[in-house]
Amino acid sequence: MRNEMMHRPIVNQDVLDYMRNEQKPLTGKLKELEDQAHEAGVPVIPHETVVFLQFLLKQLKPKKVLEIGTAIGFSASLMAETLGEAAHITTIDRFPVMIEKAKKTFETLELTDQIDLLEGDAADLLKELTGPYDFIFMDSAKAKYITFLPECLRLLNPGGVLMVDDIFQAGTLFHPIEETPRKNRSIYRKLNEFLEAVTKAPDLTSSLLPLGDGVALITKDE
Ligand SMILES: C[S@@+](CC[C@H](N)C(=O)[O-])C[C@H]1O[C@@H](n2cnc3c(N)ncnc32)[C@H](O)[C@@H]1O
């Protein structure tokens with residue numbers, strides 16, 4: 001599960017260390033969960049993305065949130081705690097080991113009323129959802145971002161924000177494909193396709209941010 005790209009900074013190491021280690025820490029059970037995830041090598045959002053997500057959600061105040069990629073339930077719990085009981089989170093994962101851990105997390109943090117965990121492949125589950133959602137956080141298999149993008153945009157409220165994590169593959173996406181190991185070429189092609197679709201779409205406004213392995217923020221133009 002370890003995300004090797006998280007350990008390949010896309011910004012200057014001093015800047016990364018500051019953003020990761022000096023911004024306001026979490027407290028209580030969320031902090032314990034963050035530490036456990038890092039110790040176990042579970043690829044949860046890095047701390048600079050945690051801080052950004054808290055900031056963004058406090059401004060946007062979404063009521064209905066969809067997450068694709070629950071893992072142990074860290075980012076879903078962070079969103080639930082940041083937004084409080086006025087918000088409801090639906091989160092999707094297909095990996096039974098993670099699903100069991102996420103269920104325990106939501107019970108321990110007493111968030112089972114606020115978070116629905118949908119078990120299965122997002123490729124199937126997204127089609128069944130009707131939304132609309134005010135905020136969608138996509139943090140799942142990167143090769144599928146280009147496939148899930150139309151579903152996310154269908155489910156996104158006008159004025160809503162789609163945030164997508166891990167989009168840069170440590171910058172290797174922009175090297176010649178021959179320099180990319182064969183096992184990574186499918187992700188290379190599909191993430192480049194995704195970035196092209198997002199940045200060139202005439203009816204989307206987007207911004208790419210160097211947080212973690214890169215974050216995209218996307219809204220539909222009204
Ligand atoms: C990077 S982790 C999510 C981390 C989590 N958002 C956090 O920061 O706490 C990615 C998760 O997406 C799940 N996943 C990947 N592709 C998926 C798919 N097609 N459908 C459902 N879940 C998927 C994996 O099982 C994994 O648990």
Side-chain angles (χ1 to χ4, degrees), residues 1-8 20 26 29-57 62 65-83 89-109 111 114-129 133 135-152 155 161-170 186-187 190-191 194 209 211-217:
M1 279 298 286
R2 182 176 277 276
N3 177 4
E4 60 186 89
M5 296 301 169
M6 243 190 79
H7 306 284
R8 296 177 60 183
R20 201 162 275 183
L26 294 171
K29 289 184 178 152
L30 266 183
K31 167 76 175 146
E32 284 171 26
L33 193 61
E34 187 183 39
D35 290 344
Q36 282 164 15
H38 291 320
E39 273 157 34
V42 180
V44 299
I45 48 172
H47 196 68
E48 63 274 23
T49 308
V50 166
V51 173
F52 175 73
L53 187 55
Q54 287 176 309
F55 180 91
L56 186 66
L57 292 178
V65 175
L66 174 66
E67 176 180 70
I68 309 165
T70 318
I72 61 170
F74 172 64
S75 52
S77 301
L78 176 78
M79 292 194 282
E81 290 213 345
T82 303
L83 291 167
I89 323 276
T90 301
T91 182
I92 299 175
D93 210 291
R94 65 176 172 187
F95 186 22
V97 174
M98 287 297 148
I99 288 168
E100 284 319 303
K101 291 190 176 179
K103 281 182 182 165
K104 287 209 182 80
T105 297
F106 301 148
E107 276 160 29
T108 309
L109 274 72
L111 292 169
Q114 212 186 327
I115 302 177
D116 277 338
L117 174 56
L118 304 185
E119 303 175 25
D121 196 319
D124 307 317
L125 293 173
L126 285 175
K127 288 185 197 138
E128 293 166 16
L129 297 175
Y133 295 93
F135 186 79
I136 302 180
F137 180 48
M138 179 152 69
D139 187 18
S140 56
K142 294 171 255 311
K144 285 285 163 63
Y145 285 175
I146 184 66
T147 312
F148 295 165
L149 180 64
E151 290 295 337
C152 289
L155 290 167
V161 172
L162 167 62
M163 174 168 163
V164 185
D165 195 31
D166 290 329
I167 55 167
F168 286 146
Q169 289 281 291
S186 174
I187 291 185
K190 289 183 170 166
L191 266 181
F194 170 79
L209 307 174
L211 296 165
D213 189 41
V215 162
L217 293 183

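In listed order, ligands and their atoms are each counted from 1. We're numbering straight along the sequence, starting at 1.
Within the 4.5 Å cutoff, side-chain heavy atoms of L125 are placed close to those of E128. Between F106 and T91, the closest side-chain pair of non-hydrogen atoms falls below 4.5 Å. Side-chain contact between I92 and L129 is present, with heavy atoms from C-beta onward closer than 4.5 Å. Put simply, the side chain of K29 does not reach to within 4.5 Å of the side chain of T105, judged on heavy atoms. Using a 4.5 Å heavy-atom cutoff, the side chains of L78 and Q54 are in contact. Contact of the L155 side chain with the F148 side chain is not registered, since no non-hydrogen atoms from C-beta on lie closer than 4.5 Å.
Every atom of ligand 1 with a heavy atom of E67 under 4.0 Å away is listed here by number and element: 6 (N). Residue G120 approaches ligand 1 through these ligand atoms, each under 4.0 Å from one of its heavy atoms: 20 (N), 21 (C). Near F74, meaning under 4.0 Å from one of its heavy atoms, ligand 1 places the atoms 9 (O). The distance from ligand 1 to the heavy atoms of D121 drops below 4.0 Å at these ligand atoms: 18 (C), 19 (N), 20 (N). Near F95, the atoms of ligand 1 lying under 4.0 angstrom from a non-hydrogen atom of the residue are 25 (O). Distances below 4.0 Å separate heavy atoms of A71 from the following atoms of ligand 1: 2 (S), 3 (C), 4 (C), 27 (O).
Among the atoms of S140, none of the N or O lies under 3.5 angstrom from an N or O of ligand 1. Annotation: F148 places no N or O atom under 3.5 Å from an N or O atom of ligand 1; distance criterion only. For a threshold of 3.5 Å applied to N or O pairs, the pair formed by V44 and ligand 1 contains no separation below that value. At a 3.5 angstrom cut-off on N or O pairs, M98 does not count as close to ligand 1. Remark: ligand 1 and D166 share no N or O pair separated by less than 3.5 Å (distance only, no angle test).
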Salt bridge (charged side-chain N to carboxylate O under 4.0 Å, His left out) between E119 and K103: does it pass, once the steps are laid out?
CA-CA 11 Å; E119 303 175 25; K103 281 182 182 165; 3.0 Å; yes
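Closest non-hydrogen pair, G73 versus A102, comes out as N-CB, 4.0 Å.
The closest non-hydrogen atom to atom 7 (C) of ligand 1, taken over P46, S75, P43, comes from S75. For the residues K144, R94, E34, the heavy atom positioned nearest atom 23 (C) of ligand 1 is part of R94. Of the candidates A143, G212, A122, A122 brings a heavy atom nearest to atom 20 (N) of ligand 1. The residue among D93, I92, L126, I68 with a heavy atom at the shortest distance from atom 13 (C) of ligand 1 is D93.
Of the candidates T49, I45, V50, V50 is the only one forming a side-chain contact (heavy atoms from CB on, under 4.5 Å) with H47.
From K127, atom NZ reaches atom CD of E151 across 7.0 Å, with rounding to the nearest 0.5 Å.
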